[in-house]
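Heads up: numbering here begins at 1 and tracks the sequence.
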Amino acid sequence: MTEPATVKAALTSQSIETPSWAYGNSGTRFKVFARPGVPRTPQEKLDDAAKVHEFTGAAPTVALHIPWDTVDDYAALAAHARDRGLTLGTVNANTFQDDDFRLGSVCHPDPAVRRKALDHLLACVDIMDATGSRDLKLWFADGTNYPGQDDVRERQDRLAEALAAVYERLGDDQRMLLEYKLFEPAFYTTDVPDWGTAYAHCLKLGPRAQVVVDTGHHAPGTNIEFIVATLLREGRLGAFDFNSRFYADDDLMVGAADPFQLFRIMYEVVRGGGLTADVAFMLDQCHNIEEKIPAIIRSVMNVQEATAKALLVDREALATAQRTGDVLAANAVLMDAYNTDVRPLLAEVREEQGLDGDPMAAYRRSGWATKTAEERIGGQQAGWGA
């Protein structure tokens with residue numbers, strides 16, 4: 001059985017990156033819903049992110065999305081983050097919101113469009129240099145809607161060419177994180193549809209090309225923890241995009257749809273040494289109908305709870321049951337850990353850090369929501385249009 005002090009130490013050192021876009025307005029493809037107090041600028045997003053870190057103690061980095069978070073001076077933005085106890089994390093490229101990308105970006109049949117997309121990716125690396133960010137995250141909406149629309153194999157060649165150019169541009173301490181997605185927005189083929197495709201491209205590029213596992217980007221019934229275990233074994237798991245799904249890429253709060261799945265994933269992370277490796281734990285969520293900051297705080301807590309339970313698995317007892325073929329005993333070891341109420345343990349960890357044991361209650365008492373609703377009047381709220 002893992003000692004409580006060891007569990008506490010692991011939880012204290014865990015860091016969960018929050019996404020800048022989760023603090024802005026979002027919605028469905030039919031409607032984006034606005035809320036009072038939503039940030040209008042990247043700086044105000046960081047102000048909100050600082051509150052999440054203030055009350056959880058576990059969210060010190062913020063991911064940027066370009067061009068959603070475009071500013072004139074990225075070094076100044078990084079300084080703004082530092083002033084609030086944060087650092088700027090992953091830079092996310094956007095090659096899906098330009099009319100020229102209707103038939104794809106780096107996989108587009110027109111070399112001029114491919115060049116435009118590549119220039120954007122290289123510009124994102126320039127931003128990383130200015131912010132001190134380690135990771136560039138790439139998700140491509142590229143694909144086709146109809147059989148025969150484009151040459152499937154040639155699109156993979158175009159993708160490989162673009163990835164190689166970006167990889168060559170990276171600094172020695174920077175990484176490329178390649179994300180995959182089963183489907184959407186394309187309906188016939190997706191150019192990076194699964195972990196195998198992403199892994200194959202990363203393998204050819206080199207060790208600083210890693211795979212991102214977005215927990216919402218799989219077919220129903222996919223064993224995500226197997227994918228996690230395999231990528232960790234191969235040294236190619238670069239990051240998570242945590243969220244939940246019921247049907248497709250719903251971008252719901254992590255752990256909301258299937259908390260047992262999140263626990264199983266986190267057990268494989270613990271088992272494979274992912275807590276101490278260079279695996280980035282990021283949220284990638286859109287809070288459409290709920291309050292932004294409380295939803296993000298709750299999501300951070302959900303990841304912490306799943307991690308705590310995974311750390312409590314009696315790995316010695318589990319290994320014994322597995323070696324002797326005792327199926328029920330092995331399953332019971334996992335279920336005992338999952339069924340443990342870890343909330344008192346996490347409250348204790350927070351209090352030992354000088355934090356309130358209940359981050360949600362502490363945020364409610366802070367009055368930040370009322371303050372921002374009163375002060376953030378006028379201007380254009382951050383968000384994406386629909």
Side-chain angles (χ1 to χ4, degrees), residues 10-11 14 16-19 22 26 28 56 58-59 139 179-184 193-196 198 211-232 237 239-272 274-275 279-292 294-313 315 318 327-328 330-343 345-346 359-360:
L11 292 170
Q14 186 178 36
I16 300 162
E17 185 165 293
T18 68
S26 59
T28 69
T56 64
W139 172 72
E179 188 174 351
Y180 59 91
K181 187 176 183 180
L182 176 66
F183 80 101
E184 191 187 45
D194 51 42
W195 72 274
V211 179
V212 177
V213 174
D214 184 305
T215 50
H217 285 188
H218 303 83
T222 298
N223 191 314
I224 300 175
E225 56 267 34
F226 172 80
I227 298 171
V228 169
T230 301
L231 289 173
L232 273 171
L237 179 62
F240 282 99
D241 270 1
F242 282 128
N243 54 60
S244 281
R245 59 175 290 280
F246 284 108
Y247 300 107
D249 181 22
D250 300 334
D251 276 337
L252 299 173
M253 289 168 50
V254 59
D258 188 351
F260 186 47
Q261 180 192 63
L262 181 60
F263 160 76
R264 299 193 310 266
I265 290 170
M266 290 310 302
Y267 173 71
E268 292 302 334
V269 170
V270 171
R271 166 69 180 82
L275 284 185
V279 178
F281 298 94
M282 301 181 284
L283 303 180
D284 182 11
Q285 304 176 170
C286 291
H287 304 294
N288 302 339
I289 59 175
E290 63 268 38
E291 291 182 73
K292 316 299 180 184
I296 297 171
I297 291 174
R298 180 67 259 179
S299 298
V300 170
M301 293 171 67
N302 287 349
V303 175
Q304 290 179 308
E305 289 174 16
T307 304
K309 292 180 178 186
L311 288 164
L312 289 175
V313 171
R315 290 172 59 182
L318 180 61
V327 177
L328 292 179
N331 179 250
V333 171
L334 281 181
M335 295 310 299
D336 284 345
Y338 176 68
N339 289 322
T340 301
D341 185 357
V342 296
R343 291 173 297 179
L345 172 64
L346 281 162
M360 292 289 281

Heavy-atom closest contact (Ser244 atom, Gly255 atom, distance): OG-N, 3.0 Å
For the residue pair Ala256 and Phe246, what are the closest heavy atoms and their distance? O-CZ, 4.3 Å
Can you tell me if Lys181 uses its side chain to pair, donor with acceptor, with the backbone of Trp139 under 3.5 Å? no
Test of understanding: with salt bridge (charged side-chain N to carboxylate O under 4.0 Å, His left out), list the residues that count as partners of Glu290, not counting sequence neighbours. none
Do Lys309 and Phe263 meet the cation-pi criteria used here (NZ or CZ under 6.0 Å from the six-membered ring centre, within 45° of the axis)? no
On the six-membered ring of Tyr247, is Arg245 placed so that its NZ or CZ lies under 6.0 angstrom from the centre and within 45° of the ring axis? no
Check: Val303 and Gln14 side chains under 4.5 Å, non-hydrogen atoms: yes
Sole residue of Phe226, Tyr180, Trp195 in ring pair (Phe, Tyr, Trp, His ring centres under 6.0 Å) with His218: Tyr180
Is Arg271 salt-bridged to Glu225, going by a charged N under 4.0 Å from an acidic O? no
With a 4.5 Å limit on heavy-atom distance, are the side chains of Val279 and Phe281 in contact? yes
What's the verdict on side-chain contact (heavy atoms from CB on, under 4.5 Å) for Thr307 and Met266, showing C-alpha distance, side-chain angles and the deciding distance? CA-CA 6 Å; Thr307 304; Met266 290 310 302; 3.3 Å; yes
Mark yes or no for whether Asn339, through its side chain, and Met335, through its backbone, hold a donor-acceptor pair below 3.5 Å. yes
After noting the C-alpha distance and the side-chain angles of Asn243 and Asp284, does the key distance pass the side-chain hydrogen bond (donor to acceptor under 3.5 Å, both in side chains) rule? CA-CA 6 Å; Asn243 54 60; Asp284 182 11; 4.6 Å; no
Closer than 3.5 angstrom, by distance alone: can the side chain of Asp250 be matched with the main-chain N or O of Leu252 as a donor-acceptor pair? no
Between the side chain of Asn302 and the main-chain N/O of Val254, is any donor-acceptor distance below 3.5 Å? yes
With a 3.5 Å distance limit and no angle check, can you tell me whether Thr340 reaches the backbone of Asp336 through a side-chain donor-acceptor pair? yes
Answer whether the closest heavy-atom distance between the side chains of Val213 and Asp241 falls below 4.5 Å. no
With side-chain contact (heavy atoms from CB on, under 4.5 Å) as the criterion, how do Phe242 and Glu17 come out once you've worked through the C-alpha distance, each side chain's angles and the decisive distance to 0.1 Å? CA-CA 10 Å; Phe242 282 128; Glu17 185 165 293; over 6 Å; no
Option among Ile224, Asp214, Ile16, Ile265 that satisfies the side-chain contact (heavy atoms from CB on, under 4.5 Å) test with Phe240: Ile265
